[in-house]
Amino acid sequence: MEKIILVVDDEQSILTLLEYNLQQAGFKVITAMDGEAGINQALSHSPDLIVLDLMLPKLDGIEVCKQLRQQKVLIPILMLTAKDDEFDKVLGLELGADDYMTKPFSPREVVARVKAILRRTQIQMDTPIMPEEESGYVRIAGLKIIPDHYEAYIENELLELTPKEFELLLYLAKNKGRVLTRDQLLSAVWNYDFAGDTRIVDVHISHLREKIEQNTKKPVYIKTIRGLGYKLEEPKGE
């Protein structure tokens with residue numbers, strides 16, 4: 001089935017350039033030139049991926065990303081930023097963007113990045129379920145994760161997680177008891193090389209702890225293994 005790519009950018013030259021190259025690569029392309037139109041196109045057409053500029057009229061790319069994720073729209077997002085834009089990659093990725101690129105860029109590189117994100121998304125969808133998932137969820141003590149719904153609960157209370165927080169939690173759960181390095185988590189959850197910048201992992205771990213741990217200073221689920229990384233384990237006494 002033909003994949004649909006939504007490109008949101010307020011520069012007509014960039015829209016035309018990306019539309020042509022993505023179509024040449026076999027994608028169907030729809031476009032928008034401001035943030036509000038981008039949200040409407042995403043909700044109306046359910047594209048397979050969104051290429052989203054940071055600086056947009058009406059709503060900027062961060063706000064578009066934030067609003068879509070708040071509405072549980074889990075479409076992968078590739079954020080575009082100019083080199084002189086003040087863009088915190090941790091903030092952008094934390095809000096739900098899957099990857100980002102700086103302008104100027106090669107159209108061929110954009111197409112390659114789009115294909116890589118779509119491959120990763122498909123692999124995640126095709127990942128065999130764990131035995132514990134046969135009933136549709138994973139349970140570790142008071143933590144319950146429902147992969148198909150992108151939902152997680154702690155003591156039956158629904159957690160408000162960003163897509164990346166959910167994916168990180170699920171990956172930790174699927175590797176329960178295993179020590180995972182920050183680089184392993186970056187590769188598995190973000191599938192991106194941040195040139196040794198593992199701050200994004202620490203930020204997400206911190207946010208997860210705030211949401212699932214009763215005492216973040218003495219976590220019982222997500223443990224820090226000093227000098228190595230993190231692991232999720234069954235709380236002692238459960």
Side-chain angles (χ1 to χ4, degrees), residues 61-77 79 88-100 120-121 124-125 127 129-130 132-133 135-192 194 197-226 228-238:
I62 291 291
E63 186 61 29
V64 171
C65 188
K66 183 178 178 180
Q67 288 194 23
L68 288 174
R69 295 317 190 212
Q70 286 175 341
Q71 296 183 57
K72 306 297 184 185
V73 176
L74 304 177
I75 300 165
I77 294 175
M79 190 82 77
D88 185 332
K89 64 187 177 186
V90 173
L91 173 62
L93 296 168
E94 178 186 334
L95 288 174
D98 292 80
D99 203 349
Y100 78 99
R120 183 171 79 241
T121 304
Q124 290 171 348
M125 291 172 60
T127 299
I129 62 173
M130 302 164 60
E132 296 95 324
E133 288 181 80
S135 56
Y137 62 86
V138 179
R139 181 179 289 281
I140 300 173
L143 179 64
K144 180 179 179 181
I145 305 170
I146 308 176
D148 288 347
H149 294 173
Y150 257 64
E151 291 179 352
Y153 297 80
I154 187 71
E155 305 300 344
N156 296 319
E157 181 178 340
L158 179 64
L159 297 170
E160 290 294 330
L161 302 177
T162 67
K164 277 290 173 275
E165 287 171 357
F166 179 86
E167 290 168 17
L168 176 59
L169 180 62
L170 181 60
Y171 188 77
L172 287 166
K174 286 190 172 188
N175 290 276
K176 183 179 73 171
R178 282 186 57 198
V179 178
L180 300 167
T181 68
R182 291 172 176 82
D183 286 336
Q184 282 178 308
L185 293 170
L186 276 174
S187 177
V189 178
W190 285 269
N191 193 29
Y192 194 76
F194 286 98
D197 181 2
T198 56
R199 183 167 59 113
I200 185 73
V201 174
D202 297 331
V203 168
H204 281 70
I205 290 289
S206 176
H207 288 179
L208 279 177
R209 281 175 171 161
E210 289 173 2
K211 295 173 181 180
I212 70 173
E213 303 282 4
Q214 287 190 351
N215 183 348
T216 57
K217 293 182 178 179
K218 295 182 179 179
V220 297
Y221 285 101
I222 302 176
K223 297 294 185 71
T224 299
I225 309 302
R226 193 171 300 278
L228 293 174
Y230 300 99
K231 72 173 178 178
L232 189 148
E233 62 182 22
E234 194 103 13
K236 299 295 189 292
E238 292 287 336

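Summarising the geometry, atom CG belonging to Leu180 is positioned 5.0 Å from atom CG belonging to Asn175; distances are rounded to the nearest 0.5 Å. From Leu143, atom CG reaches atom NZ of Lys176 across 10.5 Å, with rounding to the nearest 0.5 Å. Note: Arg69 CZ to Glu165 CD = 12.5 Å, rounded to the nearest 0.5 Å. Once rounded to the nearest 0.5 Å, the distance linking NE2 of His204 with CG of Leu169 reads 12.0 Å. Separating the CG atom in Leu232 from the CD1 atom in Ile140 is a distance of 5.0 Å, to the nearest 0.5 Å. The structure places CG of Leu161 at 11.0 Å from OH of Tyr153, a figure rounded to the nearest 0.5 Å.
For Arg182, the salt bridge (charged side-chain N to carboxylate O under 4.0 Å, His left out) partners at least two apart in sequence or on another chain are Asp202. For Lys231, the salt bridge (charged side-chain N to carboxylate O under 4.0 Å, His left out) partners at least two apart in sequence or on another chain are Glu233. The side-chain hydrogen bond (donor to acceptor under 3.5 Å, both in side chains) test applied to Ser206 returns no partner, not counting sequence neighbours.
Taking each heavy atom of Lys223 and Pro219 in turn, the nearest pair found is CE-O, 2.8 Å. For the pair Val189 and Glu167, the tightest heavy-atom approach, listed with the atom from each and the gap, is O-OE1, 3.9 Å. The two atoms that bring Arg178 and Gln184 nearest to each other are NH2-NE2, 4.2 Å, heavy atoms only. Closest approach of Val138 to Ala173, counting heavy atoms only: CG1-CB, 4.5 Å. Residues Phe166 and Pro147 approach most closely at CZ-CA, 3.9 Å, considering heavy atoms. Nearest heavy-atom pair, Cys65 versus Ile77, reported as atom, atom and distance to 0.1 Å: SG-CD1, 3.8 Å.
Arg209 has its side chain within reach of Tyr230: a pair of non-hydrogen atoms, C-beta onward, lies under 4.5 Å apart. Counting heavy atoms from C-beta outward, Leu208 and Tyr221 have side chains that stay 4.5 Å or more apart. Taking the side chain as every heavy atom from C-beta outward, Leu185 and Leu172 approach each other to under 4.5 Å. Taking the side chain as every heavy atom from C-beta outward, Leu68 and Ile75 never approach each other to under 4.5 Å.
Other residues, nucleotides and ligands contribute only 12 or fewer heavy atoms inside 6.0 Å of the CD atom of Gln214. In this structure, Glu157 places its CD atom where only 12 or fewer heavy-atom neighbours from other residues, nucleotides or ligands lie under 6.0 Å away. The number of heavy atoms from other shown groups lying within 6.0 Å of CG (Asn156) does not exceed 12.
Between the side chain of Lys144 and the backbone N or O of Ile154, no donor-acceptor pair lies under 3.5 Å. Of the possible polar contacts, one joining the Glu234 side chain to the Ala141 backbone as a donor-acceptor pair under 3.5 Å is found. Panel note: side chain Arg139, backbone Ile145; no donor-acceptor pair is recorded below 3.5 Å.
The closest side-chain donor-acceptor pair between Gln71 and Gln67, if any, does not fall under 3.5 angstrom.
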Does the side-chain contact (heavy atoms from CB on, under 4.5 Å) test come out yes or no for Ile62 and Met79, once each step is laid out?
-> CA-CA 9 Å; Ile62 291 291; Met79 190 82 77; 4.1 Å; yes
Hey, mind stepping through Ile205 and Thr224 against side-chain contact (heavy atoms from CB on, under 4.5 Å) and telling me if it holds?
-> CA-CA 10 Å; Ile205 290 289; Thr224 299; 5.7 Å; no
